[in-house]
Amino acid sequence: MAAKAFISELKDYIGQDVTISGWLYNKTGKGKLLFLMIRDGTGIVQAVLFKNNVEEDVFEKCEHLPQESSLHITGHVVEDKRAKGGCELQVKEIQVVHVAEEYPITPKEHGTEFLMDHRHLWLRSNKQHAIIKIRHEIIKSCRDYFDNLGFTLLDAPIFTPAACEGTTNLFEVNYFDEKAYLTQSGQLYMEPGAMAFGKVYCFGPTFRAEKSKTRRHLTEFWMVEPEVAFCDLNQNMDLAEGLVSYIVERVLENKRDELETLERDISALEKVKKPFPRIDYDEAAKILKEAGSEFVFGDDFGGGDETIISDKFDSPVMVTHYPANVKAFYMKNDPQRPDRALCVDMLAPEGYGEIIGGGQREDDYETLVQKIKKHDLPMDSFKWYLDVRRYGSVPHGGFGLGIERTVSWLCGRSHVRETIPYPRMLYRLYP
RNA sequence: UCCGGUGUAGCUCAAUCGGCAGAGCGGGUGACUGUUAAUCACUAGGUUGUAGGUUCAAGUCCUACCACCGGAGCCA
């Protein structure tokens with residue numbers, strides 16, 4: 001009786017018989033030789049059949065087996081330099097679990113629309129598989145980073161009563177007899193949490209009903225949002241820099257095969273090292289002016305502007321002190337320059353844009369009330385939020401890291417839609 | 001929402017000035033003992049996105065609509 005094994009551990013079984021369970025990824029052959037590429041979710045291995053060495057019915061079963069048919073396959077594991085992964089399986093027996101119908105995704109090229117319509121199947125493909133494995137590593141790194149620093153996970157609600165930031169469009173849903181909105185950020189809920197636990201973070205999906213049609217936007221995306229009490233802008237930046245460099249380190253350490261599958265330029269990621277460059281808005285504006293951008297001083301940066309700025313550096317660059325009026329109401333103004341916010345955006349290299357936005361929060365009750373009024377937001381909705389400034393208010397801050405943009409950057413993908421299992425976009429709710 | 005682009009076989013694409021609807025891959029049949037997107041031979045496969053218009057003749061020109069792609073704004 002052969003042992004059950006996963007393809008990723010086959011190297012430990014060289015010289016032994018094993019049974020693997022998986023799907024037929026691809027098939028080639030040459031006369032009496034048949035090569036079956038088998039995948040089981042942990043890897044891919046080549047199974048070899050030579051007609052004269054196996055039972056006739058075993059060969060015949062495999063000869064016309066369609067792509068993605070599921071099977072149990074028993075064979076002898078042998079070392080073979082010709083095989084990717086260093087070993088292959090000499091087939092002895094095969095049990096077909098299901099003969100697949102004609103599989104739509106062939107090893108040849110396909111267009112975006114077709115692949116996105118078949119996203120549920122596309123996830124089986126090599127590169128998509130690698131992206132999701134890297135996404136997993138990134139998410140796990142985020143959790144480990146904060147957990148190791150003594151943060152407490154404080155999940156934010158998905159249903160919210162009002163706009164967190166006022167400006168962007170929210171998805172409205174019926175909540176019994178009233179209106180609710182899908183959250184666009186957990187941050188407001190983290191601030192009271194920081195006052196209870198000192199250091200907290202939330203990790204979850206967020207929703208934006210913006211009709212954005214770009215490579216950097218999804219309507220549903222994931223964010224990790226830490227919030228820390230007794231924390232100023234610089235300490236906040238230290239935390240952000242530590243997180244991102246830790247993520248990059250972990251991915252380089254544990255997901256090198258996947259990066260190679262994706263043909264990612266690994267040397268570019270290896271250049272990402274603390275300390276990250278820190279510049280303020282004025283310096284960023286100067287870079288844009290020198291590059292001949294049409295950027296207007298006082299405005300927020302456009303996507304193209306972010307690329308120009310980040311191209312100046314190998315590591316992500318942190319841009320601080322934006323004009324207060326282009327930032328959210330809860331940002332604290334710089335006491336030295338009241339027209340500026342104590343905020344930071346982290347721009348990823350290679351044109352991947354903003355992966356982090358955050359800053360120090362307004363901690364003075366009266367100032368915050370004035371800001372809410374100025375932004376024309378419903379005061380009642382923020383009563384609980386204002387309480388943070390009434391009972392032992394302290395300087396505090398935090399940020400949000402966009403998971404999909406981070407995955408997109410580390411995987412070298414041109415579009416965030418490939419970095420989440422089932423993307424939700426302006427014109428896509430399926431599958 | 002605005003600007004630009006593309007819709008032809010299951011998939012990726014070609015079709016010259018408006019003049020017979022094509023190829024590769026995938027599917028099927030067969031050959032081949034080391035393939036890696038194998039190769040070779042044969043074969044099936046079409047309401048050219050939808051509706052209308054111009055013309056002897058429309059995949060090709062015109063109008064509207066639909067779908068998708070890229071970008072802008074907004075943001076992570």
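In what follows, chains carry the letters A, B, and so on, assigned in the order in which the sequence lines appear, proteins first and then strands, with residues in each chain numbered from 1.
Nucleic acid contact class of A:Glu88 (heavy atoms, under 4.0 Å, all strands): base. At a threshold of 4.0 angstrom between heavy atoms, the contacts of A:Thr214 include nucleobase atoms, whether or not backbone atoms are also involved. A:Lys213 comes within contact range of at least one nucleobase, with a heavy-atom separation under 4.0 Å. Within 4.0 Å (heavy atoms only), A:Lys211 reaches at least one base atom of the nucleic acid. Note on A:Leu218: a base of the nucleic acid sits closer than 4.0 angstrom, heavy atoms only. Here A:His415 lies in heavy-atom contact (under 4.0 Å) with sugar-phosphate atoms only. Counting any heavy atom pair closer than 4.0 Å across all strands shown, A:Gly29 reaches a base atom. Residue-level contact check: A:Phe221 touches the bases, meaning some heavy atom is under 4.0 Å from a base atom. Contacts of A:Gln46 with the nucleic acid, taken as non-hydrogen atoms under 4.0 Å apart, include base atoms. Here A:Tyr427 lies in heavy-atom contact (under 4.0 Å) with sugar-phosphate atoms only.
Contact annotation: A:Asn26 side-chain N/O to B:A38 OP1/OP2 distance is under 4.0 Å. At B:A38, none of the side-chain N or O atoms of A:Lys30 fall inside 4.0 Å of OP1 or OP2 (strictly under the cut-off). Within the 4.0 Å cut-off from OP1 or OP2 of B:U29, at least one side-chain nitrogen or oxygen of A:His64 is found. Residue A:Arg428 has no polar side-chain atom (N or O) positioned under 4.0 Å from OP1 or OP2 of B:A67.
With a 3.5 Å ceiling on both atom-pair distances, the Watson-Crick or G-U wobble partner of B:A51 is B:U63. Both distances falling under 3.5 Å, in either a Watson-Crick or a G-U wobble arrangement, occur for no nucleotide opposite B:U35. Nucleotide B:G45: unpaired (no Watson-Crick or G-U wobble partner with both distances less than 3.5 Å). Under the Watson-Crick and G-U wobble criteria, each requiring two contacts below 3.5 Å, nucleotide B:A58 is left unpaired. Across all strands shown, B:A72 forms a Watson-Crick or G-U wobble pair with B:U1, both key distances being under 3.5 Å. Judged by Watson-Crick or G-U wobble contacts below 3.5 Å, the nucleotide B:A23 has B:U12 as its partner. Nucleotide B:G30: paired with B:C40 (Watson-Crick or G-U wobble, both distances less than 3.5 Å).
Syn is the conformation of B:C17, whose glycosidic angle sits no further than 90° from 0.
For A:Phe382 and A:Phe329, the gap between ring centers is short of 6.0 Å. Between A:Tyr181 and A:Phe159, the ring center distance fails the sub-6.0 Å criterion.
Between the C1' atoms of B:A57 and B:C17, the separation comes to 14 Å (whole Å). Distance check on atom C1': B:G10 versus B:G45 gives 9 Å, rounded to whole Å. Straight-line distance between the C1' atoms of B:U54 and B:C62: roughly 7 Å, to the nearest whole Å. Using C1' as the reference atom, B:C20 and B:A15 are 12 Å apart when rounded to the nearest Å. Look at the C1' atom in both B:A58 and B:G18: the space between them is 7 Å, to the nearest Å. When the P atom is used for both B:A38 and B:G27, the distance is 10 Å, rounded to whole Å. Only the P atoms considered, B:C11 is 12 Å distant from B:U47, to the nearest whole Å.
A donor and an acceptor atom never sit less than 3.5 Å apart when one is taken from the side chain of A:Glu102 and the other from the base of B:G28. Under 3.5 Å, the side chain of A:Ser212 and the base of B:C74 form at least one donor-acceptor pair of N or O atoms. With hydrogens and angles ignored, no donor-acceptor pair closer than 3.5 Å exists between the side chain of A:His110 and the base of B:C11. In the interface, the side chain of A:Arg405 is paired with the base of B:C75 through a donor and an acceptor atom under 3.5 Å apart.
Map A:Arg417 and A:Gly303 each onto its nearest nucleotide of RNA chain B; the residue landing nearer the 5' end is A:Arg417.
In terms of the ring pair (Phe, Tyr, Trp, His ring centres under 6.0 Å) criterion, A:Phe221 has no residue partners (sequence neighbours excluded). Checked against ring pair (Phe, Tyr, Trp, His ring centres under 6.0 Å), A:Phe399 has no partners two or more places apart in sequence or in another chain.
A straight line from CG of A:Leu24 to C1' of B:G26 spans 14 Å, rounded to a whole angstrom. Taking atom CD1 of A:Ile247 as the reference point, atom C1' of B:A76 lies 13 Å away to the nearest angstrom.
Between the side chains of A:Gln360 and A:His396, no donor-acceptor pair is found at a separation under 3.5 Å.
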Practice task
Please report the C-alpha distance between A:Val58 and A:Leu49 in whole Å, then the side-chain angles of each, then the deciding distance to 0.1 Å, and finally whether the side-chain contact (heavy atoms from CB on, under 4.5 Å) criterion is met.
Solution key: CA-CA 9 Å; A:Val58 172; A:Leu49 293 92; 3.8 Å; yes
Practice task
For salt bridge (charged side-chain N to carboxylate O under 4.0 Å, His left out), just list the numbers for A:Asp232 and A:Lys332, CA-CA rounded to whole Å, side-chain angles, deciding distance to a tenth of an Å, and then say yes or no.
Solution key: CA-CA 10 Å; A:Asp232 65 17; A:Lys332 187 176 177 64; over 6 Å; no
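For A:Phe151 against A:Val200, the heavy-atom pair with the smallest separation is CD2-O, 3.3 Å.
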